[in-house]
Amino acid sequence: MRRAAVKAIRAGKPSSIATHRQHTAQLPVQAILFQRRHSAGKPQAPQPAKARSYASDAGFPQPPPVIAQQAQMAMSQGLALLAQGDAPAASELLARALELRPTADAHYNMGVCQLMLKNTDRARAHWLSSIQLDPTQADAFVSLGNVCFMDQKDSQRAIAYMRKALELAPRDPEIMFNLATMLESTGELAEAVEMYDRAVSHGLEKAQPFLRNAIAKQMNPKHK
């Protein structure tokens, strides 16, 4: 499952979580989207990957330039530490960025940090705050789905979150794949096959063996 993204001020609505987003030229930090990993076809809980620049300011007015600069600096430094695996130090800087500029992405990044610190409940709370401020945050829905599926064993809620993520990023084959694995795990083979097939048709070659296996299960319920 794609690793949780650390992000900062997005210039527009996400088109696909699997590709780099577009940003305004004045932003100094390159945006790098999160990656997902898979193990035996089962989604893994999100983990932070590389730093990316600020994304949306949804839900929060533009602060004075000095405050905005301070928030961006704190966020950039925090993301750099997060990418190095130093979550405790990153947490302090991300908390400062969140205090200065409590945007949807500030909450998202803090959620990633809290997950690294194994504070799953806090991570969920920040991701929920993120989507409350900006309901177009597909990344947050993916992360919530991953945590529900892997940590809370709440497959139905996980599937609901992943469906919402796919609604926001309908051409993302990784989301299709992750949704398919969740559906397959709950015995919803017909839709799982459909999602695997869509993932393959959108260029995700690693979904092919999972598609064949799911079809075999459909044809022979005893097949594992």
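We count residues from 1, following the sequence as given.
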Side chain to side chain, [X] and [Y], heavy atoms closer than 4.5 Å:
| X | Y | result |
| --- | --- | --- |
| V200 | E205 | no |
| S143 | Y161 | no |
| I131 | W127 | no |
| L94 | V112 | no |
| E184 | E188 | no |
| D154 | F149 | no |

Item to complete: Take Q132 and H107 through the side chain to side chain contact (heavy atoms under 4.5 Å, CB included) test and state the conclusion after the steps.
Response: CA-CA 10 Å; Q132 184 176 13; H107 277 290; over 6 Å; no
Discussion item. Assigning hydrophobic clusters by single linkage (Ile, Leu, Val, Met, Phe, Trp, Tyr; side-chain heavy-atom cutoff under 4.5 Å), is M162 placed with M150?
Written reply: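 Yes; tracing contacts between hydrophobic side chains, which count when under 4.5 Å, links both residues.
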Discussion item. Under 4.5 Å between side-chain heavy atoms, counting indirect links through other Ile/Leu/Val/Met/Phe/Trp/Tyr residues: same cluster for L93 and L100 or not?
Written reply: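 No, L93 and L100 fall in different hydrophobic clusters.
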With rounding to the nearest 0.5 Å, note down the distance linking [atom1] in [X] to [atom2] in [Y].
| X | Y | atom1 | atom2 | value |
| --- | --- | --- | --- | --- |
| F177 | L166 | CZ | CG | 14.0 Å |
| T103 | Q137 | OG1 | CD | 8.0 Å |
| R171 | H202 | CZ | NE2 | 4.5 Å |
| I159 | T186 | CD1 | OG1 | 4.0 Å |
| L128 | L144 | CG | CG | 5.0 Å |
| L211 | E194 | CG | CD | 11.5 Å |

Provide the closest heavy-atom pair for [X] versus [Y] in the form atom of the first, atom of the second, distance.
| X | Y | value |
| --- | --- | --- |
| I175 | A165 | CD1-O, 3.8 Å |
| P102 | L133 | O-CD1, 3.5 Å |
| P135 | F141 | O-CE1, 3.5 Å |
| A106 | M75 | CA-CE, 3.7 Å |
| A71 | R101 | CB-CB, 3.7 Å |
| P173 | A199 | O-CB, 3.7 Å |

Discussion item. Looking at Q152, I'd like to know if its CD atom is crowded, meaning that more than 12 non-hydrogen atoms belonging to other residues, nucleotides or ligands lie closer than 6.0 Å.
Written reply: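 Yes - once you tally the heavy atoms of other residues, nucleotides and ligands closer than 6.0 Å, there are more than 12.
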Discussion item. So for atom CD, which belongs to Q69, do other residues, nucleotides or ligands contribute more than 12 heavy atoms lying within a distance under 6.0 Å?
Written reply: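 No, because the 6.0 Å sphere around CD of Q69 holds 12 heavy atoms or fewer from other groups.
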Worksheet item: Does the pair L117 and C113 meet the rule for a side chain to side chain contact (heavy atoms under 4.5 Å, CB included), with working shown?
Response: CA-CA 6 Å; L117 294 169; C113 186; 4.3 Å; yes
Worksheet item: Would you say the side-chain atoms of Y108 and S129 include a donor-acceptor pair closer than 3.5 Å?
Response: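 There is no such pair between these side chains.
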Worksheet entry | Residue pair M219, I215: steps toward the side chain to side chain contact (heavy atoms under 4.5 Å, CB included) verdict | CA-CA 6 Å; M219 298 177 65; I215 291 174; 4.0 Å; yes
Fill in: N-O pairing of R198 and E191 below 4.0 Å
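Salt bridge flag = no for E191 with R198.
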Practice prompt. For R124, enumerate each residue passing the salt bridge (Lys or Arg N to Asp or Glu O under 4.0 Å) test, keeping only those at least two apart in sequence or located in another chain.
Written response: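 Once residues adjacent in sequence are excluded, R124 has no partner under the salt bridge (Lys or Arg N to Asp or Glu O under 4.0 Å) criterion.
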[X] side chain to [Y] main-chain N or O, any donor-acceptor pair under 3.5 Å?
| X | Y | answer |
| --- | --- | --- |
| K118 | L115 | no |
| N178 | E174 | yes |
| S130 | H126 | no |
| S91 | A87 | no |

Discussion item. Would M195 and T181 count as a side chain to side chain contact (heavy atoms under 4.5 Å, CB included) here? Give the steps.
Written reply: CA-CA 9 Å; M195 282 296 147; T181 62; over 6 Å; no
